[in-house]
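Shown next, in structure tokens, is the structure this report addresses.
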Amino acid sequence: MSDISTQQKLQLARQVRERYQQDRQDLGQREQLLYGRTLSYFEEDPVYGEMSGYGGQPTDGSGAGKTGTLGLRILLAAILVCLLSLAGHRGDTLFGLTSGQISDYIRWDCTP
């Protein structure tokens with residue numbers, strides 16, 4: 001290891017920093033896709049001691065629910081499940097598919 005020059009060490013450190021930044025950006029993009037927003041710790045350097053919650057959110061609940069869409073997604077999923085159940089009970093079709101066909105497609109798509 002003593003054969004490594006200072007220039008090689010600097011180049012390795014630069015590559016590690018670039019890879020770390022790229023990983024942070026990739027994770028931020030994935031969270032954007034999953035949650036519809038990026039968390040503040042991907043956009044700037046952390047300021048320790050200001051907020052102790054996950055993603056810069058306060059833990060006292062004063063800032064909860066301002067930008068999240070989880071509640072809306074859960075409500076939409078519940079409505080769709082109720083529609084599927086109602087269509088299955090009545091024998092109707094949704095978008096030209098019976099409830100059995102929709103259930104089979106969901107089972108095929110979501111089962112590993």
Side-chain angles (χ1 to χ4, degrees):
M1 288 300 264
S2 63
D3 296 342
I4 299 176
S5 69
T6 304
Q7 186 66 21
Q8 290 173 329
K9 288 180 183 179
L10 289 173
Q11 184 179 8
L12 180 61
R14 182 182 53 81
Q15 288 174 349
V16 168
R17 280 194 305 271
E18 288 175 357
R19 181 63 186 186
Y20 174 72
Q21 185 64 26
Q22 182 182 8
D23 288 345
R24 282 179 54 152
Q25 289 175 350
D26 290 345
L27 188 57
Q29 290 172 353
R30 290 179 188 138
E31 293 216 352
Q32 174 70 30
L33 289 172
L34 286 173
Y35 305 119
R37 63 184 172 97
T38 55
L39 300 176
S40 64
Y41 60 82
F42 290 117
E43 298 167 357
E44 57 191 36
D45 291 333
V47 178
Y48 298 102
E50 281 189 9
M51 300 207 183
S52 58
Y54 175 74
Q57 297 293 327
T59 55
D60 61 358
S62 63
K66 289 185 179 178
T67 59
T69 59
L70 181 62
L72 182 62
R73 292 180 195 183
I74 291 173
L75 178 64
L76 182 62
I79 290 171
L80 290 174
V81 167
C82 289
L83 282 175
L84 181 63
S85 175
L86 183 63
H89 181 68
R90 294 177 56 188
D92 292 338
T93 62
L94 292 172
F95 309 110
L97 299 171
T98 65
S99 62
Q101 291 171 325
I102 295 172
S103 298
D104 290 340
Y105 178 74
I106 292 171
R107 204 173 295 119
W108 174 80
D109 190 44
C110 297
T111 306

Only pairs under 3.5 Å count here: list side-chain donor-acceptor contacts from residues 95-103, not counting sequence neighbours, and write none if there are none.
from: Thr98; atom 1: OG1; to: Gln101; atom 2: N; distance (Å): 3.3
from: Gln101; atom 1: OE1; to: Thr98; atom 2: N; distance (Å): 2.9
from: Ser103; atom 1: OG; to: Ser99; atom 2: O; distance (Å): 2.9

Practice item. Kindly write out the residues that satisfy side-chain hydrogen bond (donor to acceptor under 3.5 Å, both in side chains) with Arg30, not counting sequence neighbours, or none if the list is empty. Key: none
Point to revise | Pairs satisfying side chain to side chain donor-acceptor pair (under 3.5 Å), at least one member in residues 71-83, at least two apart | key: Thr69-Arg73
Check your understanding: Got a second to check how far Leu72's CG is from Leu75's CG, nearest 0.5 Å?
Key -> 6.5 Å
Exercise for review: Using side-chain hydrogen bond (donor to acceptor under 3.5 Å, both in side chains) as the criterion, list what pairs up with Arg14, not counting sequence neighbours.
Suggested key: Glu18
Check your understanding: For Asp92, which residues count as a side-chain contact (heavy atoms from CB on, under 4.5 Å) partner, sequence neighbours excluded?
Key -> Ala87, Arg90
Exercise for review: Please say whether more than 12 non-hydrogen atoms of neighbouring residues, nucleotides or ligands are located less than 6.0 Å from CD in Gln7.
Suggested key: no
Exercise for review: Kindly write out the residues that satisfy side-chain hydrogen bond (donor to acceptor under 3.5 Å, both in side chains) with Asp26, not counting sequence neighbours, or none if the list is empty.
Suggested key: none
Exercise for review: Answer yes or no: is there a donor N or O on one side and an acceptor on the other, between the side chain of Gln8 and the main chain of Ser5, under 3.5 Å?
Suggested key: yes
Review point. Should side-chain heavy atoms under 4.5 Å link Ile, Leu, Val, Met, Phe, Trp and Tyr, which residues sit in the same cluster as Tyr105?
Key: Trp108
Point to revise | Distance (rounded to the nearest 0.5 Å) between Leu80 CG and Leu94 CG | key: 9.0 Å
Point to revise | Of all pairs that satisfy side chain to side chain donor-acceptor pair (under 3.5 Å), the ones with a partner from residues 77-86, not counting sequence neighbours | key: none
Practice item. Measure the CG-CZ distance between Leu12 and Arg17 for me, rounded to the nearest 0.5 Å. Key: 10.0 Å
Check your understanding: With clusters built from Ile, Leu, Val, Met, Phe, Trp and Tyr whose side-chain heavy atoms come within less than 4.5 Å, directly or transitively, what are the remaining members of the cluster of Leu70, listed by chain and number?
Key -> Ile74
Review point. How many angstroms lie between atom CD of Glu31 and atom CD of Gln29, to the nearest 0.5 angstrom?
Key: 11.5 Å
